[in-house]
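The next block holds one structure in the form of structure tokens; read it before the comments.
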Amino acid sequence: MGGLFASAFLSATLLPGNSEAALAAYLLKWPQQLWPALLIATVGNSLGGAVTVWMGRRIPTGQMPRRVELLQRWGSVLLLGTWLPVIGDALCLAAGWLRWPWRRIWPWLILGKFARYGLIALASHAWLVH
């Protein structure tokens with residue numbers, strides 16, 4: 001499970017990763033570990049997303065581009081999209097750059113990450129059943 005955690009963590013930073021494949025492979029080998037694996041992947045990816053938010057907070061603020069204004073209009077609920085490849089990392093980075101409070105970031109970020117791995121787990125389970 002340590003490898004799954006590391007893969008999920010690194011995949012949520014700006015580094016490339018393969019956490020979806022790691023989770024699917026883990027569940028194919030140990031399908032009875034569905035919930036622990038889903039929890040470990042979600043926690044690892046959420047903490048990696050938090051690192052990306054933290055990195056965004058290190059970027060100096062300046063004049064806001066139009067796209068950022070759109071992010072501010074929709075707010076932290078956009079972090080549900082953190083499950084999306086590439087875009088999810090950009091959303092975390094933007095949340096940090098916009099200095100959104102952690103209490104607004106965490107629920108949406110975790111829910112988005114859980115959705116990502118939940119879909120992978122469901123797909124893996126469906127593949128095993130057939």
Side-chain angles (χ1 to χ4, degrees):
M1 283 235 190
L4 178 59
F5 178 88
S7 177
F9 180 87
L10 292 174
S11 292
T13 65
L14 298 177
L15 300 171
N18 61 353
S19 62
E20 295 88 357
L23 178 62
Y26 187 89
L27 290 175
L28 289 174
K29 184 154 175 90
W30 296 287
Q32 70 280 10
Q33 294 292 313
L34 172 74
W35 287 106
L38 187 55
L39 180 66
I40 291 295
T42 299
V43 169
N45 208 247
S46 296
L47 291 174
V51 168
T52 303
V53 171
W54 178 83
M55 290 175 5
R57 291 177 187 264
R58 302 294 156 267
I59 300 171
T61 56
Q63 184 176 358
M64 277 189 233
R66 178 163 160 56
R67 288 184 183 107
V68 175
E69 291 173 11
L70 291 173
L71 288 172
Q72 283 190 309
R73 184 176 324 142
W74 284 90
S76 56
V77 72
L78 284 175
L79 293 175
L80 278 174
T82 58
W83 70 274
L84 297 165
V86 181
I87 295 169
D89 296 339
L91 289 172
C92 288
L93 196 65
W97 187 74
L98 290 168
R99 310 307 196 259
W100 286 346
W102 284 105
R103 67 178 164 26
R104 285 181 39 210
I105 291 172
W106 273 118
W108 300 113
L109 184 134
I110 292 168
L111 192 56
K113 301 298 188 177
F114 179 79
R116 169 191 210 141
Y117 293 112
L119 288 172
I120 299 300
L122 282 174
S124 298
H125 179 71
W127 191 79
L128 278 173
V129 172
H130 292 94

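For the single chain, residues carry numbers from 1 onward in sequence order. Computed from a prediction, not measured in an experiment: that's the story for all the values here.
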Report summary line: Here the pair of heavy atoms bringing N18 nearest to S7 is OD1-OG, 3.1 Å
Query - Sidechain-backbone polar pair: R116 side chain, L84 backbone, donor-acceptor under 3.5 Å - result: no
Query raised in the report: Any side-chain donor paired with an acceptor under 3.5 Å for S11 and N45?
Result: no
Query raised in the report: Just how far is it from atom NZ of K113 to atom OG1 of T82, taken to the nearest 0.5 Å?
Result: 4.5 Å
Requested in this report: Look only at the side chain of T13 and the backbone of L10, and say whether a donor-acceptor pair between them is shorter than 3.5 Å.
Outcome: yes
Requested in this report: Taking all non-hydrogen atoms of both residues into account, name the closest pair between L23 and A121 and its distance.
Outcome: CD2-N, 4.4 Å
**Report entry** Main-chain N/O of W97 paired to R99 side chain as donor or acceptor, under 3.5 Å
**Finding:** yes
Query raised in the report: Which heavy atom in R104 sits nearest to a heavy atom in G75, and how many Å separate them?
Result: NH2-CA, 4.2 Å
Query raised in the report: So does I87 have more than 12 non-hydrogen atoms from other groups sitting under 6.0 Å from CD1?
Result: no
**Report entry** Heavy-atom pair of closest approach, residues W54 and W102
**Finding:** N-CH2, 4.4 Å
Query raised in the report: Should we say atom CH2 of W83 is surrounded by more than 12 heavy atoms from elsewhere, each under 6.0 Å from it?
Result: no
Requested in this report: For residues M1 and I40, report the shortest heavy-atom separation together with the two atoms involved.
Outcome: SD-CG1, 3.4 Å
Requested in this report: Determine the minimum heavy-atom distance between A95 and I105, stating which atoms define it.
Outcome: CB-CD1, 4.1 Å
Requested in this report: Check L4, T42, L27 against Y117 for a side chain to side chain contact (heavy atoms under 4.5 Å, CB included) and give me the one that passes.
Outcome: T42
